[in-house]
2 protein chains.
Amino acid sequence: MVEGGGSDSLLFLTDEQLKKGIEAMFFAYRGFTADPDRILENYAYGRAHHRAIHFINRSPQTTVNNLLSILGVTKQSLNRVLRRLIDDGLVESRVGKRDKRERHLVLTQKGAALEAELSEAQRSRMRAAFRAVGPDAVTGFRQVLEAMMDVDMRHHFSLLKETE
Amino acid sequence: MVEGGGSDSLLFLTDEQLKKGIEAMFFAYRGFTADPDRILENYAYGRAHHRAIHFINRSPQTTVNNLLSILGVTKQSLNRVLRRLIDDGLVESRVGKRDKRERHLVLTQKGAALEAELSEAQRSRMRAAFRAVGPDAVTGFRQVLEAMMDVDMRHHFSLLKETE
DNA sequence: TTGGAAAGTCAACAAGGCTGACATAAAATC
DNA sequence: GATTTTATGTCAGCCTTGTTGACTTTCCAA
(Lines give C-alpha, C1' and ligand atoms only; values in the text may rest on other atoms or scores of the structure.)
Protein backbone atom coordinates (compact mmCIF):
# COMPACT_ATOMS: atom_id res chain seq x y z
CA MET A 1 0.00 0.00 0.00
CA VAL A 2 1.86 3.00 -1.36
CA GLU A 3 1.56 6.35 0.35
CA GLY A 4 3.20 9.76 0.22
CA GLY A 5 6.02 10.41 2.61
CA GLY A 6 8.99 10.28 0.26
CA SER A 7 11.29 7.33 -0.08
CA ASP A 8 12.08 6.93 3.61
CA SER A 9 9.44 4.65 4.91
CA LEU A 10 6.72 6.04 7.07
CA LEU A 11 4.70 3.17 5.75
CA PHE A 12 4.53 1.67 9.21
CA LEU A 13 2.26 4.55 10.16
CA THR A 14 -0.42 3.95 7.56
CA ASP A 15 -3.95 3.32 8.76
CA GLU A 16 -3.63 -0.23 7.46
CA GLN A 17 -0.59 -0.89 9.60
CA LEU A 18 -2.20 0.72 12.60
CA LYS A 19 -5.30 -1.43 12.20
CA LYS A 20 -3.12 -4.50 12.06
CA GLY A 21 -1.52 -3.42 15.28
CA ILE A 22 -4.96 -3.04 16.80
CA GLU A 23 -6.08 -6.51 15.76
CA ALA A 24 -2.79 -7.98 16.88
CA MET A 25 -3.41 -6.54 20.33
CA PHE A 26 -6.89 -8.00 20.40
CA PHE A 27 -5.95 -11.52 19.38
CA ALA A 28 -2.73 -11.59 21.37
CA TYR A 29 -4.45 -10.47 24.55
CA ARG A 30 -6.84 -13.37 24.18
CA GLY A 31 -3.93 -15.77 23.96
CA PHE A 32 -2.26 -14.00 26.82
CA THR A 33 -5.16 -14.66 29.18
CA ALA A 34 -6.24 -18.05 27.86
CA ASP A 35 -3.95 -20.28 29.93
CA PRO A 36 -4.54 -18.61 33.30
CA ASP A 37 -8.27 -18.55 32.58
CA ARG A 38 -8.29 -22.30 32.20
CA ILE A 39 -6.44 -22.78 35.47
CA LEU A 40 -8.67 -20.35 37.33
CA GLU A 41 -11.71 -22.36 36.35
CA ASN A 42 -10.48 -25.26 38.45
CA TYR A 43 -10.57 -23.04 41.51
CA ALA A 44 -13.72 -21.14 40.54
CA TYR A 45 -11.79 -17.89 40.50
CA GLY A 46 -11.86 -15.26 37.78
CA ARG A 47 -9.49 -12.87 36.13
CA ALA A 48 -10.08 -10.33 38.85
CA HIS A 49 -8.65 -12.74 41.42
CA HIS A 50 -5.68 -13.37 39.19
CA ARG A 51 -4.93 -9.69 38.93
CA ALA A 52 -5.11 -9.19 42.66
CA ILE A 53 -2.88 -12.17 43.31
CA HIS A 54 -0.41 -11.04 40.71
CA PHE A 55 0.06 -7.56 42.08
CA ILE A 56 0.13 -8.65 45.70
CA ASN A 57 2.88 -11.04 44.74
CA ARG A 58 4.74 -8.34 42.89
CA SER A 59 4.54 -5.91 45.79
CA PRO A 60 4.17 -7.79 49.05
CA GLN A 61 2.91 -5.63 51.91
CA THR A 62 1.16 -3.35 49.43
CA THR A 63 -1.82 -1.46 50.81
CA VAL A 64 -5.39 -1.69 49.63
CA ASN A 65 -5.27 1.87 48.32
CA ASN A 66 -2.18 1.17 46.31
CA LEU A 67 -3.72 -1.93 44.82
CA LEU A 68 -6.81 0.09 43.96
CA SER A 69 -4.80 2.61 42.02
CA ILE A 70 -2.95 -0.09 40.11
CA LEU A 71 -6.04 -2.08 39.22
CA GLY A 72 -8.20 0.93 38.50
CA VAL A 73 -11.41 -0.44 39.97
CA THR A 74 -13.63 0.71 42.83
CA LYS A 75 -12.90 -0.42 46.35
CA GLN A 76 -16.24 -2.20 46.49
CA SER A 77 -15.27 -4.22 43.47
CA LEU A 78 -11.81 -5.01 44.78
CA ASN A 79 -13.14 -5.75 48.22
CA ARG A 80 -15.41 -8.48 46.94
CA VAL A 81 -12.48 -10.20 45.30
CA LEU A 82 -10.09 -9.61 48.16
CA ARG A 83 -12.65 -10.75 50.72
CA ARG A 84 -12.83 -14.13 49.11
CA LEU A 85 -9.08 -14.52 48.73
CA ILE A 86 -8.67 -13.72 52.41
CA ASP A 87 -11.50 -16.02 53.48
CA ASP A 88 -10.05 -18.80 51.35
CA GLY A 89 -6.67 -18.32 52.96
CA LEU A 90 -4.75 -17.17 49.89
CA VAL A 91 -4.13 -13.63 51.09
CA GLU A 92 -3.32 -12.29 54.50
CA SER A 93 -4.30 -8.78 55.54
CA ARG A 94 -1.99 -7.27 58.15
CA VAL A 95 -2.72 -4.14 60.13
CA GLY A 96 -0.11 -1.48 59.37
CA LYS A 97 2.51 -0.80 62.02
CA ARG A 98 3.16 2.86 61.40
CA ASP A 99 -0.35 3.61 60.25
CA LYS A 100 -2.85 1.24 61.78
CA ARG A 101 -5.56 2.29 59.36
CA GLU A 102 -3.70 0.61 56.53
CA ARG A 103 -3.89 -3.06 55.67
CA HIS A 104 -0.84 -4.66 54.17
CA LEU A 105 -1.54 -7.53 51.82
CA VAL A 106 0.63 -10.58 51.44
CA LEU A 107 0.17 -13.98 49.84
CA THR A 108 0.04 -16.98 52.11
CA GLN A 109 1.80 -20.17 51.08
CA LYS A 110 -1.41 -21.32 49.49
CA GLY A 111 -1.76 -18.03 47.65
CA ALA A 112 1.83 -18.15 46.50
CA ALA A 113 1.27 -21.63 45.16
CA LEU A 114 -1.63 -20.51 42.99
CA GLU A 115 0.32 -17.46 41.90
CA ALA A 116 3.18 -19.71 40.83
CA GLU A 117 0.86 -21.94 38.85
CA LEU A 118 -0.78 -19.04 37.06
CA SER A 119 2.45 -17.21 36.49
CA GLU A 120 4.19 -20.25 35.11
CA ALA A 121 1.43 -20.80 32.58
CA GLN A 122 1.57 -17.22 31.45
CA ARG A 123 5.34 -17.05 31.40
CA SER A 124 5.47 -20.26 29.45
CA ARG A 125 3.52 -18.78 26.57
CA MET A 126 5.46 -15.54 26.74
CA ARG A 127 8.72 -17.48 26.80
CA ALA A 128 7.78 -19.43 23.70
CA ALA A 129 6.84 -16.22 21.90
CA PHE A 130 10.02 -14.42 22.99
CA ARG A 131 12.18 -17.35 22.02
CA ALA A 132 10.53 -17.60 18.64
CA VAL A 133 11.20 -14.01 17.67
CA GLY A 134 14.47 -13.16 19.42
CA PRO A 135 15.69 -10.38 21.69
CA ASP A 136 15.46 -7.47 19.26
CA ALA A 137 11.81 -8.11 18.58
CA VAL A 138 11.22 -8.37 22.32
CA THR A 139 12.80 -4.98 22.83
CA GLY A 140 10.51 -3.50 20.22
CA PHE A 141 7.53 -5.21 21.79
CA ARG A 142 8.27 -3.70 25.18
CA GLN A 143 8.89 -0.26 23.71
CA VAL A 144 5.59 -0.14 21.86
CA LEU A 145 3.61 -1.41 24.83
CA GLU A 146 5.15 1.14 27.15
CA ALA A 147 4.43 3.91 24.68
CA MET A 148 0.82 2.80 24.51
CA MET A 149 0.17 2.96 28.25
CA ASP A 150 -1.52 5.85 29.98
CA VAL A 151 1.08 8.01 31.67
CA ASP A 152 0.06 7.15 35.23
CA MET A 153 0.16 3.45 34.43
CA ARG A 154 3.61 3.89 32.93
CA HIS A 155 4.59 4.96 36.41
CA HIS A 156 3.39 1.71 37.96
CA PHE A 157 5.15 -0.19 35.22
CA SER A 158 8.47 1.55 35.68
CA LEU A 159 8.48 0.72 39.36
CA LEU A 160 8.95 -2.85 38.33
CA LYS A 161 11.67 -2.01 35.85
CA GLU A 162 13.82 -0.47 38.55
CA THR A 163 14.23 -3.87 40.13
CA GLU A 164 16.20 -4.97 37.07
CA MET B 1 18.63 -17.83 17.60
CA VAL B 2 21.61 -18.27 19.86
CA GLU B 3 21.29 -20.85 22.60
CA GLY B 4 23.36 -22.46 25.29
CA GLY B 5 23.43 -19.69 27.88
CA GLY B 6 27.10 -18.78 27.60
CA SER B 7 28.10 -15.15 27.53
CA ASP B 8 25.71 -14.44 24.65
CA SER B 9 22.55 -13.11 26.15
CA LEU B 10 19.55 -15.25 26.81
CA LEU B 11 18.80 -12.73 29.52
CA PHE B 12 15.66 -11.67 27.70
CA LEU B 13 14.18 -15.04 28.64
CA THR B 14 14.62 -14.73 32.38
CA ASP B 15 11.52 -14.95 34.54
CA GLU B 16 12.04 -11.31 35.41
CA GLN B 17 11.93 -10.27 31.78
CA LEU B 18 8.92 -12.46 31.12
CA LYS B 19 7.06 -10.95 34.05
CA LYS B 20 7.80 -7.51 32.70
CA GLY B 21 6.34 -8.57 29.40
CA ILE B 22 3.24 -9.77 31.23
CA GLU B 23 2.75 -6.51 33.08
CA ALA B 24 3.43 -4.53 29.95
CA MET B 25 0.61 -6.40 28.26
CA PHE B 26 -1.71 -5.70 31.15
CA PHE B 27 -1.07 -1.97 31.36
CA ALA B 28 -0.84 -1.46 27.62
CA TYR B 29 -4.13 -3.21 26.99
CA ARG B 30 -5.77 -0.84 29.40
CA GLY B 31 -4.42 2.10 27.47
CA PHE B 32 -5.41 0.44 24.25
CA THR B 33 -9.07 0.25 25.24
CA ALA B 34 -9.31 3.47 27.23
CA ASP B 35 -10.11 5.89 24.39
CA PRO B 36 -12.80 3.80 22.69
CA ASP B 37 -14.33 3.06 26.10
CA ARG B 38 -14.78 6.76 26.72
CA ILE B 39 -16.46 7.25 23.36
CA LEU B 40 -18.71 4.23 23.80
CA GLU B 41 -20.04 5.67 27.04
CA ASN B 42 -21.63 8.52 25.12
CA TYR B 43 -23.69 6.04 23.16
CA ALA B 44 -24.29 3.64 26.04
CA TYR B 45 -22.49 0.88 24.20
CA GLY B 46 -19.80 -1.39 25.58
CA ARG B 47 -16.66 -3.07 24.40
CA ALA B 48 -18.68 -5.96 23.03
CA HIS B 49 -20.44 -3.60 20.62
CA HIS B 50 -17.11 -2.14 19.60
CA ARG B 51 -15.71 -5.55 18.77
CA ALA B 52 -18.72 -6.47 16.67
CA ILE B 53 -18.59 -3.17 14.81
CA HIS B 54 -14.87 -3.51 14.25
CA PHE B 55 -15.02 -6.95 12.69
CA ILE B 56 -18.10 -6.25 10.63
CA ASN B 57 -16.27 -3.26 9.23
CA ARG B 58 -13.19 -5.33 8.56
CA SER B 59 -15.14 -8.03 6.75
CA PRO B 60 -18.36 -6.63 5.33
CA GLN B 61 -20.92 -9.28 4.44
CA THR B 62 -19.46 -11.59 7.07
CA THR B 63 -21.87 -14.18 8.44
CA VAL B 64 -22.96 -14.55 12.03
CA ASN B 65 -21.12 -17.84 12.36
CA ASN B 66 -17.90 -16.33 11.10
CA LEU B 67 -18.20 -13.46 13.53
CA LEU B 68 -18.83 -15.96 16.33
CA SER B 69 -15.63 -17.81 15.59
CA ILE B 70 -13.61 -14.61 15.49
CA LEU B 71 -15.04 -13.21 18.70
CA GLY B 72 -15.05 -16.51 20.55
CA VAL B 73 -18.31 -15.96 22.39
CA THR B 74 -21.62 -17.80 22.38
CA LYS B 75 -24.28 -16.93 19.87
CA GLN B 76 -26.59 -15.89 22.68
CA SER B 77 -24.03 -13.41 23.84
CA LEU B 78 -23.33 -12.08 20.37
CA ASN B 79 -26.99 -11.98 19.53
CA ARG B 80 -27.75 -9.66 22.40
CA VAL B 81 -25.16 -7.22 21.16
CA LEU B 82 -26.01 -7.62 17.50
CA ARG B 83 -29.72 -7.32 18.17
CA ARG B 84 -29.22 -3.88 19.58
CA LEU B 85 -26.88 -2.71 16.85
CA ILE B 86 -29.45 -3.80 14.26
CA ASP B 87 -32.37 -2.24 16.14
CA ASP B 88 -30.41 0.98 16.51
CA GLY B 89 -29.69 1.02 12.80
CA LEU B 90 -25.92 0.61 12.94
CA VAL B 91 -25.81 -2.83 11.37
CA GLU B 92 -27.85 -4.33 8.59
CA SER B 93 -28.53 -8.05 8.43
CA ARG B 94 -29.03 -9.34 4.88
CA VAL B 95 -30.39 -12.73 3.98
CA GLY B 96 -27.77 -14.72 2.07
CA LYS B 97 -28.29 -15.13 -1.68
CA ARG B 98 -26.69 -18.51 -2.23
CA ASP B 99 -27.58 -19.82 1.21
CA LYS B 100 -30.71 -18.21 2.56
CA ARG B 101 -30.06 -19.52 6.07
CA GLU B 102 -27.10 -17.19 6.40
CA ARG B 103 -27.25 -13.57 7.44
CA HIS B 104 -24.66 -11.23 6.03
CA LEU B 105 -23.74 -8.33 8.25
CA VAL B 106 -22.84 -4.87 7.05
CA LEU B 107 -22.47 -1.50 8.72
CA THR B 108 -24.98 1.17 7.80
CA GLN B 109 -23.82 4.73 7.31
CA LYS B 110 -24.57 5.37 10.96
CA GLY B 111 -22.60 2.28 11.96
CA ALA B 112 -19.70 3.25 9.77
CA ALA B 113 -19.66 6.68 11.37
CA LEU B 114 -19.31 5.22 14.86
CA GLU B 115 -16.71 2.77 13.61
CA ALA B 116 -14.71 5.64 12.19
CA GLU B 117 -14.87 7.56 15.44
CA LEU B 118 -13.78 4.58 17.52
CA SER B 119 -11.12 3.50 15.08
CA GLU B 120 -9.65 6.96 14.81
CA ALA B 121 -9.29 7.21 18.56
CA GLN B 122 -7.59 3.86 18.76
CA ARG B 123 -5.38 4.45 15.77
CA SER B 124 -4.40 7.80 17.14
CA ARG B 125 -2.90 6.26 20.25
CA MET B 126 -1.30 3.48 18.28
CA ARG B 127 0.12 6.01 15.82
CA ALA B 128 1.69 8.03 18.61
CA ALA B 129 3.23 4.91 20.10
CA PHE B 130 4.51 3.67 16.74
CA ARG B 131 5.94 7.05 15.87
CA ALA B 132 7.65 7.33 19.23
CA VAL B 133 9.53 4.05 18.89
CA GLY B 134 10.16 3.70 15.17
CA PRO B 135 9.59 1.01 12.56
CA ASP B 136 11.96 -1.64 13.87
CA ALA B 137 10.33 -1.67 17.28
CA VAL B 138 6.95 -1.91 15.56
CA THR B 139 8.10 -4.95 13.65
CA GLY B 140 9.20 -6.60 16.87
CA PHE B 141 5.91 -5.68 18.50
CA ARG B 142 3.92 -7.35 15.75
CA GLN B 143 6.12 -10.42 15.77
CA VAL B 144 5.78 -11.01 19.49
CA LEU B 145 2.02 -10.47 19.45
CA GLU B 146 1.54 -12.87 16.59
CA ALA B 147 3.66 -15.48 18.33
CA MET B 148 1.55 -15.08 21.44
CA MET B 149 -1.79 -15.77 19.73
CA ASP B 150 -3.55 -19.09 19.75
CA VAL B 151 -2.98 -20.82 16.44
CA ASP B 152 -6.57 -20.58 15.26
CA MET B 153 -6.63 -16.87 16.02
CA ARG B 154 -3.39 -16.45 14.10
CA HIS B 155 -5.40 -17.65 11.14
CA HIS B 156 -7.97 -14.88 11.52
CA PHE B 157 -5.18 -12.41 11.94
CA SER B 158 -3.31 -13.48 8.82
CA LEU B 159 -6.42 -13.02 6.75
CA LEU B 160 -6.05 -9.35 7.34
CA LYS B 161 -2.36 -9.36 6.53
CA GLU B 162 -3.02 -10.71 3.08
CA THR B 163 -4.72 -7.47 2.17
CA GLU B 164 -1.38 -5.70 2.44
C1' DT C 1 -10.51 17.90 69.35
C1' DT C 2 -11.86 17.68 65.10
C1' DG C 3 -11.47 16.84 60.17
C1' DG C 4 -9.98 13.78 56.82
C1' DA C 5 -7.97 9.39 55.26
C1' DA C 6 -8.00 4.18 54.97
C1' DA C 7 -10.66 0.52 54.98
C1' DG C 8 -14.90 -2.29 55.07
C1' DT C 9 -19.70 -3.19 54.17
C1' DC C 10 -24.67 -3.15 52.48
C1' DA C 11 -27.73 -2.63 48.68
C1' DA C 12 -28.92 -2.24 44.08
C1' DC C 13 -27.93 -2.23 39.37
C1' DA C 14 -25.77 -3.20 34.54
C1' DA C 15 -22.85 -5.35 31.05
C1' DG C 16 -21.62 -9.25 29.11
C1' DG C 17 -20.07 -13.74 29.67
C1' DC C 18 -22.26 -18.64 30.29
C1' DT C 19 -25.64 -23.03 29.87
C1' DG C 20 -29.75 -25.34 28.34
C1' DA C 21 -33.80 -25.71 25.75
C1' DC C 22 -36.38 -24.92 21.90
C1' DA C 23 -38.03 -22.97 17.16
C1' DT C 24 -37.69 -22.06 12.27
C1' DA C 25 -36.04 -22.14 7.70
C1' DA C 26 -33.25 -23.95 4.40
C1' DA C 27 -29.68 -26.85 2.73
C1' DA C 28 -27.81 -31.40 2.29
C1' DT C 29 -28.07 -36.17 2.40
C1' DC C 30 -30.06 -40.64 2.20
C1' DG D 1 -39.53 -37.36 -0.87
C1' DA D 2 -38.23 -37.97 3.85
C1' DT D 3 -34.84 -37.11 7.10
C1' DT D 4 -30.94 -34.96 9.11
C1' DT D 5 -27.97 -31.21 9.66
C1' DT D 6 -26.81 -26.33 9.61
C1' DA D 7 -27.53 -21.33 10.49
C1' DT D 8 -29.84 -18.39 13.05
C1' DG D 9 -32.72 -16.53 16.66
C1' DT D 10 -34.78 -16.42 21.17
C1' DC D 11 -36.34 -17.36 26.13
C1' DA D 12 -34.91 -18.06 30.77
C1' DG D 13 -31.73 -18.08 34.28
C1' DC D 14 -27.17 -17.90 36.28
C1' DC D 15 -22.37 -15.83 37.36
C1' DT D 16 -18.54 -12.51 37.56
C1' DT D 17 -17.14 -8.17 37.82
C1' DG D 18 -17.76 -3.69 37.10
C1' DT D 19 -20.60 0.58 38.79
C1' DT D 20 -22.98 4.26 42.35
C1' DG D 21 -24.44 5.76 46.80
C1' DA D 22 -24.69 5.60 51.68
C1' DC D 23 -22.79 4.70 56.03
C1' DT D 24 -19.43 2.95 59.73
C1' DT D 25 -15.15 2.33 62.26
C1' DT D 26 -10.63 3.29 63.20
C1' DC D 27 -7.02 6.21 63.48
C1' DC D 28 -3.67 9.87 61.96
C1' DA D 29 -2.67 14.67 61.86
C1' DA D 30 -3.43 19.48 62.06
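Naming: A, B, ... by sequence-line order, numbering from 1 per chain. Basis for what follows: all heavy atoms, side chains included, without hydrogens, waters or symmetry-related copies.
- The two residues Leu85(A) and Ala52(A) make their nearest non-hydrogen contact at CD1-CB, 4.0 Å.
- Atom CD of Glu102(B) and atom C1' of dT5(D) are 14 Å apart (whole Å).
- A side-chain donor from one of Tyr45(B) and Asp88(B) sits under 3.5 Å from a side-chain acceptor of the other.
- Spacing between atom CZ of Arg47(A) and atom P of dA15(C) amounts to 20 Å, rounded to whole angstrom units.
- The nucleotide whose nearest atom lies closest to any side-chain atom of Asn65(B) is, among dT8(D), dC18(C), dG17(C), dT8(D).
- In the interface, the side chain of Arg101(A) is not paired with the base of dT26(D) through any donor and acceptor atom under 3.5 Å apart.
- Judged by distance alone, the side chains of Glu23(B) and His156(A) never bring a donor and an acceptor atom under 3.5 Å apart.
- Here dC18(C) presents its P atom at 16 Å from CG of Leu40(A), a figure rounded to the nearest Å.
- Nearest-nucleotide positions on DNA chain D for Asn79(B) and Lys100(A) put Asn79(B) closer to the 5' end.
- Between Phe55(B) and Phe26(A), the ring center distance clears the sub-6.0 Å criterion.
- One finds no side-chain N or O of Ser77(A) lying less than 4.0 angstrom from the OP1 or OP2 phosphate oxygen of dT17(D).
- For the pair Gln61(A) CD and dA6(C) P, the interatomic distance rounds to 18 Å; values are reported in whole Å.
- Taking 3.5 Å as the limit, the base of dG9(D) and the side chain of Arg83(B) contain no donor-acceptor pair of atoms between them.
- Within the structure, a side-chain polar atom (N or O) of His49(A) is placed less than 4.0 Å from OP1 or OP2 of dT17(D).
- Atom NZ of Lys75(B) and atom P of dA23(C) are 13 Å apart (whole Å).
- Comparing Val81(B) and Asp99(A) by the nucleotide of DNA chain C that holds the closest heavy atom to each, the one mapping nearer the 5' end is Asp99(A).
- Arg80(B) contributes no side-chain N or O that forms a donor-acceptor pair with the base of dG9(D) under 3.5 Å.
- Ranked by how close their nearest DNA chain D nucleotide is to the 5' end, Lys97(A) and Arg84(A) are led by Arg84(A).
- Distance Arg94(A) CZ to dT26(D) P: 22 Å, rounded to the nearest Å.
- With rounding to whole Å, Leu71(B) atom CG is found 16 Å from dC18(C) atom C1'.
- Atom CD in Glu41(B) sits about 12 Å away from atom P in dA15(C), given to the nearest Å.
- Between the side chain of Gln76(A) and the base of dG21(D) there is at least one donor-acceptor pair of N/O atoms closer than 3.5 Å.
- Between Thr74(A) and dT19(D) there is a side-chain N or O to OP1 or OP2 distance below 4.0 Å.
- The phosphate of dA15(C) has neither OP1 nor OP2 within less than 4.0 Å of any side-chain N or O from Arg51(B).
- Here the shortest heavy-atom pairing between Gln17(B) and Phe130(A) reads O-CE2, 4.2 Å.
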